[in-house]
Amino acid sequence: MLTRLPLICFLVSVTAIAADLTPERYWNTALPNTPMPNSLRHLFTPDFTDEKSTDVQVGKGGVNVNAGKGKPGGGTAVNVGKGGVYVDTGKGKGTHVSVSGGKGPGGGVGVHTGKPGKRTDVGVGKGGVIVHTRHKGRPVYVGVTPGPNPFVYNYAASETQLHDDPKAALFFLEKDMVPGKAMNLRFNAEDGYDGKTAFLPRGEAETVPFESEKFSEILNTFSVKPGSEEAEMMKKTIEECEAKRVGGEEKYCATSLESMVDFSVSKLGKYHVRAVSTEVAEKNAPMQKYKIAAPGIKKLSDDKSVVCHKQKYPFAVFYCHKAMMTSVYAVPLEGENGLRAKAVAVCHKNTSAWNPNHLAFKVLKVKPGTVPVCHFLPETHVVWFSY
C-alpha cells in the first residue's frame with residue numbers, strides 16, 4: 001500500500017533522508033573504516049550509471065526534479081497529494097513511488113522507471129536528490145560455454161575444463177608461494193558479456209526473481225531466449241546459488257552491493273574488516289608467465305574470511321561463502337613482459353569436504369584433506385577478512 005504523507009513531511013524527507021540510498025553511500029555508512037576495492041568501484045562506472053547534480057524546485061505543483069540535461073521540460077515532476085506520490089516522466093506515463101523509512105542506513109524515497117538495466121532511479125534524501133540513469137539495454141552476451149564453477153567446491157571438473165579453463169592455472173600449493181616461483185596466469189575472469197555487468201541498487205535487485213522456480217519469468221525480464229547459451233549460463237548460476245553448502249560452510253548469493261556488505265559484516269563485524277581484490281596494471285592482460293616478486297608476500301589473515309566470486313549473470317551477482325581455516329595473502333607478481341600485479345591469494349587448510357574430482361585436485365594431483373590448496377583471485381572477485 002502506498003504511504004500517504006502531507007507535502008511538508010515529504011519536504012522534510014528531502015533534507016533528512018538521502019543519497020544514502022546509493023550503494024556507494026551505503027558502503028560508507030556500513031563500513032566507515034573500510035576502503036572499497038577498485039574491482040567493486042568499477043561496477044559503478046559511467047558506462048552504466050551517471051551521477052549528476054540535480055536542481056530541486058518546490059512549488060504548488062509539487063516538486064520538480066531537473067536531471068540537469070539543460071532542456072526545457074527535461075525534468076521529472078514529483079507530485080505529492082492525497083493519493084500518495086506520483087511521478088510524471090514527461091512522456092505521458094507516470095510512476096507511483098513508495099515513501100518510507102526503508103531498510104538499512106537512511107531509508108527514503110525511490111523512483112524507479114523501466115526494466116532492470118533500462119531505468120532511471122531518483123533517490124531523495126539527506127544529500128539532496130541524486131539521479132542515476134542507466135544506459136538503455138545491457139551488456140551484450142558474446143558467449144561463454146557454461147561449465148562447473150571452480151570456486152564452488154562441491155562440483156567436479158568437466159572433461160575439458162582442466163585444459164580449456166584459464167582459471168585452472170590459478171590453483172597452486174601453499175609450499176610453492178615463494179619468491180621466484182613462476183606460474184602461467186590470467187586474472188581477468190570472463191563472464192560472457194562484452195562489458196562489465198553492473199550492480200543494481202538493492203531496491204531494484206529485490207524486485208527481480210532469482211530462483212529456479214521462476215526461471216521463465218527471469219528470462220522474460222531480461223529478454224533472454226529460452227534454451228539459448230545465455231539462458232543455460234544464467235540457469236547454472238542460479239543452481240549454484242541454490243546448491244547445498246559444503247561441510248560447515250556458510251554461503252550466500254549477493255544480488256546487490258548492499259546485500260554483499262550485509263552478509264560480510266554479519267560474519268566478520270563492522271569496524272575491523274577489510275575487503276581486497278587482485279589488481280593488474282593492464283586491462284584485459286593476456287595469459288602469461290608471472291614470477292612472485294621478492295620481497296613482498298604478506299599474510300593478511302590466518303583465520304576466517306568471506307570470499308565473494310563474481311558470477312556469470314546479466315547484472316552483478318556474487319557467490320559469497322564464509323570459509324574457516326583459511327589464510328589470505330597479498331602476493332606481488334611480475335609478468336614476463338614487465339607487467340606488475342598485486343594478487344590476492346586464498347589458501348584453504350582443510351579441503352576434506354570438497355568434491356574429490358574438483359578442478360584443484362586434478363591440476364595439483366593431490367587428494368582432499370591432505371595439503372593446503374591455494375588459488376589466486378580473478379580481478380572481479382573479493383575477499384573479506386578481519387584484522
Side-chain angles (χ1 to χ4, degrees), residues 16-53 101-110 112 116-117 121-134 196-208 210 252-279 300-301 304-311 313 315-322 328 342 344 377-387:
I17 307 172
D20 287 336
L21 293 175
T22 67
E24 302 95 320
R25 297 197 181 189
Y26 187 93
W27 175 291
N28 293 333
T29 301
L31 298 166
N33 302 316
T34 305
M36 184 185 295
N38 287 334
S39 62
L40 298 181
R41 193 175 300 280
H42 288 167
L43 298 182
F44 298 102
T45 58
D47 288 337
F48 297 93
T49 60
D50 296 323
E51 187 166 314
K52 305 178 178 69
S53 61
K103 296 180 180 180
V109 180
H112 306 295
D121 303 330
V122 182
V124 183
K126 203 170 185 178
V129 177
I130 284 186
V131 178
H132 290 296
T133 305
R134 262 180 289 285
K196 289 188 178 71
T197 49
F199 278 119
L200 296 182
R202 174 153 59 186
E204 182 177 340
E206 289 180 346
T207 67
V208 182
F210 190 77
Y252 174 74
C253 276
T255 57
S256 66
L257 178 70
E258 298 94 322
S259 59
M260 183 200 297
V261 168
D262 288 351
F263 177 76
S264 301
V265 166
S266 72
K267 304 305 173 188
L268 301 172
K270 174 177 180 177
Y271 294 103
H272 298 284
V273 63
R274 284 190 62 195
V276 295
S277 295
T278 293
E279 295 184 6
L300 302 176
S301 174
K304 60 184 178 181
S305 61
V306 172
V307 187
C308 294
H309 306 285
K310 192 167 185 288
Q311 301 299 96
Y313 211 69
F315 64 90
V317 172
F318 282 79
Y319 178 101
C320 298
H321 55 107
K322 178 186 176 183
V328 179
K342 298 176 182 177
V344 174
L377 291 183
E379 290 178 276
T380 53
H381 299 204
V382 185
V383 60
W384 303 70
F385 59 90
S386 300
Y387 64 92

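The chain is numbered in sequence order, starting from 1. Fair warning: this is a prediction, and the values are worked out from it, not measured in the lab.
Between the CD atom in E24 and the CG atom in L43 there is a gap of 10.5 Å [rounded to 0.5 Å]. Rounded to the nearest 0.5 angstrom, H381 NE2 and L40 CG are separated by 11.0 Å. To the nearest 0.5 Å, atom CG of residue L257 and atom OH of residue Y26 are 9.5 Å apart. The distance from the CE atom of M260 to the CZ atom of R202 is 12.0 Å, given to the nearest 0.5 Å. Note: W27 CH2 to T22 OG1 = 13.5 Å, rounded to the nearest 0.5 Å.
Separation of the F199 and F318 ring centroids falls under the 6.0 Å cut-off.
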Quiz item: Would F385 and V307 count as a side chain to side chain contact (heavy atoms under 4.5 Å, CB included) if you check the C-alpha gap in whole Å, the side-chain angles of each, and the deciding distance to 0.1 Å?
Solution: CA-CA 9 Å; F385 59 90; V307 187; over 6 Å; no

Exercise. Determine, step by step, whether V306 and L268 satisfy the side chain to side chain contact (heavy atoms under 4.5 Å, CB included) criterion, reporting the C-alpha distance in whole Å, the side-chain angles of both residues, the deciding distance to 0.1 Å, and the verdict.
Key: CA-CA 8 Å; V306 172; L268 301 172; 4.0 Å; yes

Exercise. Run the numbers on L377 and V383 for side chain to side chain contact (heavy atoms under 4.5 Å, CB included), then give the verdict.
Key: CA-CA 8 Å; L377 291 183; V383 60; 3.9 Å; yes

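The side chain to side chain contact (heavy atoms under 4.5 Å, CB included) with Y271 is formed by just one residue from the set T34, V265, N33; it is N33. The only member of H42, K310, H309 that meets side chain to side chain contact (heavy atoms under 4.5 Å, CB included) when paired with T380 is K310. Screening Y252, Y313, F315 for a ring-ring contact (aromatic ring centres under 6.0 Å, His included) involving F210 leaves a single residue, Y313.
Between C253 and C320, the SG-SG separation does not fall below 2.5 Å.
Ion pair D262/K267 not flagged as a salt bridge, since none of the NZ, NE, NH1 or NH2 atoms sits closer than 4.0 Å to an Asp/Glu carboxylate oxygen.
Between the side chain of S264 and the backbone N or O of V261, no donor-acceptor pair lies under 3.5 Å.
With sequence neighbours excluded, the residues that form a side chain to side chain contact (heavy atoms under 4.5 Å, CB included) with S39 are P37, S277, V382.
By the 30° and 60° cut-offs, the orientation of the rings of H321 relative to Y319 is tilted. Below 30°, between 30° and 60°, or above 60°: for H272 and Y387 the angle between ring planes is above 60°, a perpendicular geometry.
Closest heavy-atom contact between V273 and K270: CG1-O, 3.6 Å.
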